[in-house]
Amino acid sequence: MSTPRPRSVTLACVYGGLGGIVAAFSLYGTLQNWGSIEIQESLRSSLEPVGADADALLPILRWICIGLLVAAIAATVFSFYASRGHQASRIGLTILAGLAALGFLLTGVGGLLPAILGILVVYLLWTAQAREWFAVVNGRTPLSLGTTPSVPAAGAAPASSAPDGPQPPPYDPAQYAQRPQQAPYSQQVAAPVTGARPKPVTVALLVAGIGSLIGAMVSGLVLLALVAMRDEVVKQYQQNDLLRDQLESAGVSASQMVSIGSWLFGAWLVVSLLGLVATVWAASGHRLGWWALVVASILTAGSAALGLPIGIVWMLGAIVVIFQLSRPEAKAWFHRA
């Protein structure tokens, strides 16, 4: 970028990114050990003093943790793209930081420091220097950086009709008779991109293609094992003490768990195959291929949320694909003539 990034934007993105990473790892560890006795007892001891039914709220709390994990990952991605001048990421990071500050304030004195950090991120993103930088990067000229108005104010003396310095030669139509007529400048700027594939599109295709291929292979192998060796898998669930205790706490049997797993991995296989098809379609440069890959990425993120914490890699990859496809040069390439 020709315009240097202000220090306030750099600090806001660093604070937001580090906060998102720390929160994501913390929530990931909590979800990974959700079935452990320590986590269950800690949650029960926190809910019982307020008179809440722990057995009824534990599944809801798990979904809340999953949602917070998604928000933490999104905050990290928003911080990265906001540091590059992406306006939508700046707004997204502002919303997440504000909500996080409000949530930490509601927790009491222990959440005061994280709440102050969230408020600081919001403030740094919207300082005067930050607003000017985002305006310039996104092709808008802020008022503080604008030029002198071409129309003089009322009562101002008109400029001299004869400016100083040498005058240009008179217009001669014969000099321009054989020159081809050029399109207006506004039409030249608005012309769609017809050159090579932009880098954001290449990155999106690579991430989507590799992620979909790995997802299809993993889900296909697991689904094959669950279907072909169903009795053995059920037997392993029943013989393993830790797995049996987790199933009993969840209120499902080993056979039901295998059936649920078969449906989930079957759905993941379908989503992965759709992602591969959408990636190939988008690689052709067709305009509808852009929409197909965006929809496939949204489906991938939703499916990965159901498979957390394992699906965190696919969720992060889907977010990267969507952001890369939302870049102006990517949209212009898909809408080329």
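Values below: every heavy atom of this structure, side chains too, minus hydrogens, waters and symmetry copies.
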Under 3.5 Å, is there a donor-acceptor pair between the Thr202 and Arg197 side chains?
-> no
Between Thr127 and Ser8, do the side chains contain an N or O donor and an N or O acceptor separated by less than 3.5 Å?
-> yes
Just so I know, are the side chains of [X] and [Y] near enough to count as touching, which here means a heavy-atom distance under 4.5 Å?
X      : Y      : answer
Gln324 : Tyr81  : yes
Val9   : Leu124 : no
Phe78  : Thr94  : no
Val222 : Leu226 : yes
Trp281 : Leu293 : no
Arg327 : Pro198 : no

Compute the centroid of each ring, for Phe323 and then for Phe80, and state whether the two points are separated by less than 6.0 Å.
-> no
Taking the six-membered ring for Trp and the single ring otherwise, decide whether the centroids of Trp314 and Trp268 are under 6.0 Å apart.
-> yes
Considering residues at least two apart in sequence or located in another chain, which fulfil the ring-ring contact (aromatic ring centres under 6.0 Å, His included) criterion with Phe104?
->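 For Phe104, no residue satisfies ring-ring contact (aromatic ring centres under 6.0 Å, His included) once neighbours in sequence are set aside.
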Is it the case that one hydrophobic cluster holds both Met217 and Leu223, taking links as side-chain heavy atoms less than 4.5 Å apart, direct or via other members?
->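 Yes, Met217 and Leu223 fall within the same hydrophobic cluster.
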Between [X] and [Y], is there a donor-acceptor pair closer than 3.5 Å when you use the side chain of the first and the backbone of the second?
X      : Y      : answer
Arg62  : Leu31  : no
His86  : Ala82  : no
Trp290 : Leu325 : yes

side-chain contact (heavy atoms from CB on, under 4.5 Å) partners of Ile21, counting only residues at least two apart |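 Counting only residues at least two positions away or on another chain, Ile21 forms a side-chain contact (heavy atoms from CB on, under 4.5 Å) with Phe25, Thr76.
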For Ala318, all residues meeting side-chain contact (heavy atoms from CB on, under 4.5 Å), sequence neighbours excluded =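 By the side-chain contact (heavy atoms from CB on, under 4.5 Å) rule, Ala318 matches Ser297, Thr300, Ala301.
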Starting from the C-alpha separation in whole Å, work towards a yes-or-no answer on side chain to side chain donor-acceptor pair (under 3.5 Å) for Arg230 and Ser262.
-> CA-CA 10 Å; Arg230 177 183 178 89; Ser262 301; 4.7 Å; no
Please round to the nearest 0.5 Å and tell me the distance separating atom CG of Leu273 and atom OG of Ser212.
->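 Between Leu273 CG and Ser212 OG, I get 9.0 Å after rounding to 0.5 Å.
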Please say whether the positively charged group of Arg90, taken as NZ for Lys or CZ for Arg, lies over the ring of Phe134, i.e. under 6.0 angstrom from the six-membered ring centre and within 45 degrees of the axis.
->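 Pair Arg90/Phe134 counts as cation-pi.
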Return yes when atom CD of Gln87 has more than 12 non-hydrogen atoms of other residues, nucleotides or ligands closer than 6.0 Å, and no otherwise.
->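 Yes, CD of Gln87 has more than 12 neighbouring heavy atoms, counting only those of other groups under 6.0 Å.
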